[in-house]
Amino acid sequence: MTGFTSYMGAALEEAQLAAGRGEVPVGAVLVSPQGDILAQAGNRTRELNDPSAHAEVLVIREACAKLGQERLPGCELWVTLEPCPMCAMLISSARIARLIYAASDPKSGGIEQGPCIYSHAQAHHVPEVIDGVREPEAAALLRDFFAQRRSS
């Protein structure tokens, strides 16, 4: 039996780096079925002037390019915030096996909030979803980021 490894620490580091760039602090890590990190990134929407440059999108694109395939079966995606509807559908399209996220997103989430993407027939693949992993840290990072933005 193999042990459990959490990659949320690496995702939180990416979120902190994103905050340092003035981006919404969301980080993601994509892990192969063998436990190797295939890609990790934080949000870059402002830096790249690209509204689709969410952390989840960036790691999925990088991993697919690295592996030379459009699907990522057996892979895990670790992300610090509940994916939005766009990212939730991309996760489904990429056939990612497991999604692990930290904080829920009552405003823009697409998994347990809002449209609940995986409950729709259009979601041809539904990953296993685990939420709340290191939620207090991820939520504090987001709260602090937006508090600073409001006070500036």
Side-chain angles (χ1 to χ4, degrees), residues 6-31 33 37-65 69-152:
S6 174
Y7 297 88
M8 194 59 76
L12 285 163
E13 288 176 20
E14 289 293 338
Q16 291 168 340
L17 291 170
R21 295 189 302 270
E23 302 276 359
V24 174
V26 177
V29 176
L30 193 70
V31 181
I37 293 177
L38 296 172
Q40 56 190 69
N43 278 356
R44 292 186 178 277
T45 60
R46 291 173 178 243
E47 177 185 341
L48 300 176
N49 296 311
D50 179 355
S52 72
H54 292 196
E56 301 95 311
V57 173
L58 296 174
V59 297
I60 290 170
R61 285 178 180 164
E62 183 179 335
C64 286
Q69 58 194 47
E70 78 276 10
R71 303 260 165 76
L72 301 167
C75 291
E76 292 181 343
L77 178 62
W78 294 74
V79 64
T80 58
L81 184 65
E82 175 184 358
C84 72
M86 173 185 71
C87 291
M89 277 307 296
L90 179 60
I91 291 162
S92 176
S93 295
R95 304 298 195 264
I96 290 172
R98 184 176 297 121
L99 166 65
I100 303 98
Y101 67 88
S104 295
D105 186 354
K107 181 179 174 239
S108 300
I111 309 295
E112 68 176 278
Q113 314 289 328
C116 301
I117 294 298
Y118 299 141
S119 67
H120 292 271
Q122 291 87 350
H124 300 296
H125 168 78
V126 177
E128 176 186 356
V129 176
I130 301 168
D131 64 338
V133 175
R134 296 183 69 173
E135 185 275 336
E137 294 164 79
L141 184 60
L142 287 156
R143 260 192 321 274
D144 294 348
F145 176 81
F146 286 112
Q148 285 179 342
R149 309 273 295 175
R150 284 191 293 275
S151 67
S152 298

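What you are looking at is a predicted structure, and each value in this text was computed from that prediction instead of being measured. Below, each value reflects all heavy atoms present in this structure, side chains not excepted, and no hydrogens, waters or symmetry copies.
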**Prompt:** Does Pro25 offer a backbone N or O that forms a donor-acceptor pair with the side chain of Asn43 under 3.5 Å?
**Reply:** no
**Leu38 and Glu62, any side-chain heavy atoms less than 4.5 Å apart** = no
**Atom of His125, atom of Ser92 and distance for their closest heavy-atom approach** = O-OG, 2.6 Å
**Asked** Within a strict 4.5 Å, meaning less than it, do heavy atoms of the Cys75 and Val31 side chains meet?
**Response** no
**Prompt:** At their closest point, which heavy atom of Ala11 faces which heavy atom of Trp78, and how far apart are they?
**Reply:** CB-O, 4.0 Å
**Side-chain donor or acceptor of Glu23 paired with backbone N/O of Arg46 under 3.5 Å** = yes
**Asked** Between Ala102 and Thr80, which heavy-atom pair has the shortest distance, and what is it?
**Response** CB-O, 3.3 Å
**Request:** Could you tell me whether the side chain of Ile91 reaches within less than 4.5 Å of the side chain of Leu77, counting heavy atoms only?
**Result:** yes
**Message:** Once side chain to side chain contact (heavy atoms under 4.5 Å, CB included) is applied, do any residues pair with Cys87, and if so which ones, sequence neighbours excluded?
**Reply:** His54, Glu56, Val57, Pro83, Cys84
**Item:** Any side-chain donor near an acceptor of the partner, Tyr118 and Glu112, under 3.5 Å
**Value:** no
**Prompt:** Atom SG of Cys64 and atom CZ of Arg71: how far apart are they, to the nearest 0.5 Å?
**Reply:** 9.5 Å
**Asked** Measuring from Glu70:CD to Arg95:CZ, what's the distance to the nearest 0.5 Å?
**Response** 9.0 Å
**Prompt:** When rounded to the nearest 0.5 angstrom, what is the spacing between CG in Leu58 and CG in Leu48?
**Reply:** 7.0 Å
**Message:** So, taking the atom named CD in Glu137 and the one named CE in Met8, what distance separates them when rounded to the nearest 0.5 Å?
**Reply:** 9.5 Å
**Asked** Hey, are the side chains of Val79 and Val26 touching, using non-hydrogen atoms and a 4.5 Å cut-off?
**Response** yes
**Message:** Measuring only between side-chain heavy atoms, which start at C-beta, is Ile96 closer than 4.5 Å to Leu30?
**Reply:** yes
**Item:** Worked verdict on Phe146 versus Val24 for side chain to side chain contact (heavy atoms under 4.5 Å, CB included)
**Value:** CA-CA 8 Å; Phe146 286 112; Val24 174; 4.0 Å; yes
**Asked** Is Glu47 paired with Arg21 through a side-chain N to carboxylate O contact shorter than 4.0 Å?
**Response** yes
**Fill in**
All heavy atoms of Ile117 vs all of Met89, minimum pair found to be CG2-SD, 3.3 Å
**Fill in**
d(Leu12 CG, Leu17 CG) to nearest 0.5 Å is 11.0 Å
**Message:** If you compare all heavy atoms of Pro73 against all heavy atoms of Gln69, which two are closest, and at what distance to 0.1 Å?
**Reply:** CD-NE2, 4.1 Å
**Side-chain heavy atoms of Tyr101 within contact of Leu81, under 4.5 Å** = no
**Request:** For residues Pro85 and Pro115, report the shortest heavy-atom separation together with the two atoms involved.
**Result:** CG-CG, 3.5 Å
**Message:** Ignoring hydrogens and geometry beyond distance, is a side-chain donor-acceptor pair present between Asp50 and Ser52 at under 3.5 Å?
**Reply:** yes
**Prompt:** Does the side chain to side chain contact (heavy atoms under 4.5 Å, CB included) test come out yes or no for Arg98 and Ile100, once each step is laid out?
**Reply:** CA-CA 6 Å; Arg98 184 176 297 121; Ile100 303 98; 3.5 Å; yes
**Fill in**
To the nearest 0.5 Å, atom CD of Glu14 lies from atom CD of Gln16 at 10.0 Å
**Asked** With side chains defined as the heavy atoms from C-beta onward, is the minimum distance between Leu99 and Ile130 less than 4.5 Å?
**Response** no
